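To find a chain, count down the sequence lines: A is the first, B the second, and so on, and within it residues start at 1. Both backbone and side-chain heavy atoms feed into the values below; hydrogens, waters and symmetry mates do not. Predicted model, so just to flag it, every value in this text is computed and none were measured.
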Amino acid sequence: MQALVVDDSRVMRTILTKLLTNLNFDVVQAGDGAEALAALDAGARPEVALVDWNMPVMDGLTFIKKVRQNPEYRDVVLMMVTTESEQNNIVRALAAGAHEYVIKPFTDEVIAEKLEMLGLIER
Amino acid sequence: MIDPAELAAAQPDLEMLLVEMIASVLGEQAEPTAEPLPAAVGLAVSRLVIQDPQDGSFLGVDVRAEGNLITTLAATLLGVAEPAPDDMLDVIAELGNIAAGNVKSLLCHNGQLSLPAPQLAFEHEGDSPDAIRAGASLLGNVMELVVMPLHSADAKTRWPSGSAQHSAEVGV
């Protein structure tokens, strides 16, 4: 299975990549929403994308909207992973098409639980 | 504008936030400390700004740590034997981002959070009298979280794509 990690922080991409690799995902990384869209346009077909909100070039909310607008990407499960923790932002992300929402800082267990709930892993 | 009394009352919450962030992100046990950062050592500093949409006021959020602590953390987090300055900047930037996001939830609901502006410095300028500091000790070093009202966002502040501030910056 493939996962796409979209975060402008190299540290966060490294942390999430390590976590997802341990859960048997092949991981593709992108530094912002535009890079992530380019990866999808180039043929990447991840089962799940973990997406930060605040990024330069293209933010995570815009990325999620664009992915949801394209029927080719309808099977990609979208998980927002962000420091934005206000209720209205969670509602905005879910309304835009995110399936799950994780607030930083998170533990490995939280991410694994969400992936399990989404039917992407079995433990 | 956040009331200075409200900011001061949040000090214990800021301390808890810092300790919990260190445990979650770095996997290290930290203890609250009133000990300041040592003078005249290399520092890594991450500054983020939160703008209140109601009145346009600004809150600055700094995470600061000794350079040797960030070097150790960068080696662990990024898996590199000898972290370069860019590695250290990445680490302090993300710590600042996580801390500031949580400060926003605590003190400035619905505020707009900037992107982190990290830097390596020999020392930092003194804080304003209304700055509130929380400190934590880990691995024999000190990390601190400082929250302070600002008159304006400084020139280094960058706003995320999609924010009103970014649109204003680029003239959209």
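With rounding to the nearest 0.5 Å, the separation of CG in A:Asn54 from CD in B:Gln112 is 6.0 Å. Atom CG of B:Asn110 and atom CD of A:Glu86 lie 5.5 Å apart (nearest 0.5 Å). For the atom pair B:Lys104 NZ and A:Thr83 OG1, the distance stands at 7.0 Å (nearest 0.5 Å).
Contact annotation: the side chain of B:Leu77 never approaches that of A:Thr14 to less than 4.5 Å [non-hydrogen atoms, C-beta and beyond]. Residues A:Val11 and B:Leu95 fail the side-chain proximity criterion, which asks for heavy atoms closer than 4.5 Å.
Contacts of B:Leu115 with chain A are made by side-chain atoms alone, with heavy-atom separations under 4.5 Å and no backbone atom involved. Proximity to chain B (any heavy atom under 4.5 Å) is restricted, for A:Asp8, to the side chain, taken from C-beta onward. Heavy-atom distances place the side chain of A:Asn89, and not its backbone, under 4.5 Å from chain B.
Counting heavy atoms of neighbouring residues, nucleotides and ligands inside a 6.0 Å radius, atom CD of A:Glu109 exceeds 12 of them. For CD of B:Glu31, the number of neighbouring non-hydrogen atoms (other residues, nucleotides, ligands) closer than 6.0 Å is 12 at most. Remark: B:Gln29 CD is loosely packed, at most 12 non-hydrogen atoms of other residues, nucleotides or ligands lying under 6.0 Å away. Applying the 6.0 Å contact sphere to CE of A:Met1 captures more than 12 heavy atoms from other residues, nucleotides or ligands.
When the candidates A:Thr107, A:Val57, A:Thr62, A:Asp7 are compared by the number of heavy-atom contacts under 4.5 Å with chain B, A:Val57 comes out ahead. By number of non-hydrogen pairs under 4.5 angstrom with chain B, the leading residue of A:Met55, A:Glu84, A:Gln87 is A:Met55. Top candidate by heavy-atom pairs under 4.5 Å with chain A, chosen from B:Val91, B:Asn97, B:Val25, is B:Asn97.
What you find for B:Asp87 and A:Arg10 is that their closest heavy atoms are OD1-NH2, 2.5 Å. Of all the heavy atoms in A:Met58 and B:Ser161, the pair that sits closest is CA-OG, 3.5 Å. Shown here for A:Pro105 and B:Ile98, the closest heavy-atom pair between the two residues is CD-CG2, 3.5 Å.
Cluster membership check: A:Met117 does not share its hydrophobic cluster with A:Ile121, using side-chain heavy-atom separations under 4.5 Å among Ile, Leu, Val, Met, Phe, Trp and Tyr. The hydrophobic clustering, which links ILVMFWY residues whose side-chain heavy atoms are closer than 4.5 Å, places A:Val81 and A:Leu94 apart. Hydrophobic cluster membership differs between B:Ile50 and B:Met148, with clusters built from Ile, Leu, Val, Met, Phe, Trp and Tyr side chains linked at under 4.5 angstrom. Transitive grouping of hydrophobic side chains (ILVMFWY, heavy atoms separated by less than 4.5 Å) brings A:Val6 and A:Val76 into a common cluster. There is no path of hydrophobic side-chain contacts, each under 4.5 Å, that joins B:Leu139 to B:Val19.
Formation of a donor-acceptor pair under 3.5 Å by the B:Glu94 side chain with backbone atoms of A:Met12 is not found in this model. B:Asn102 contributes a side-chain N or O that, together with a main-chain N or O of A:Lys104, makes up a donor-acceptor pair within less than 3.5 Å.
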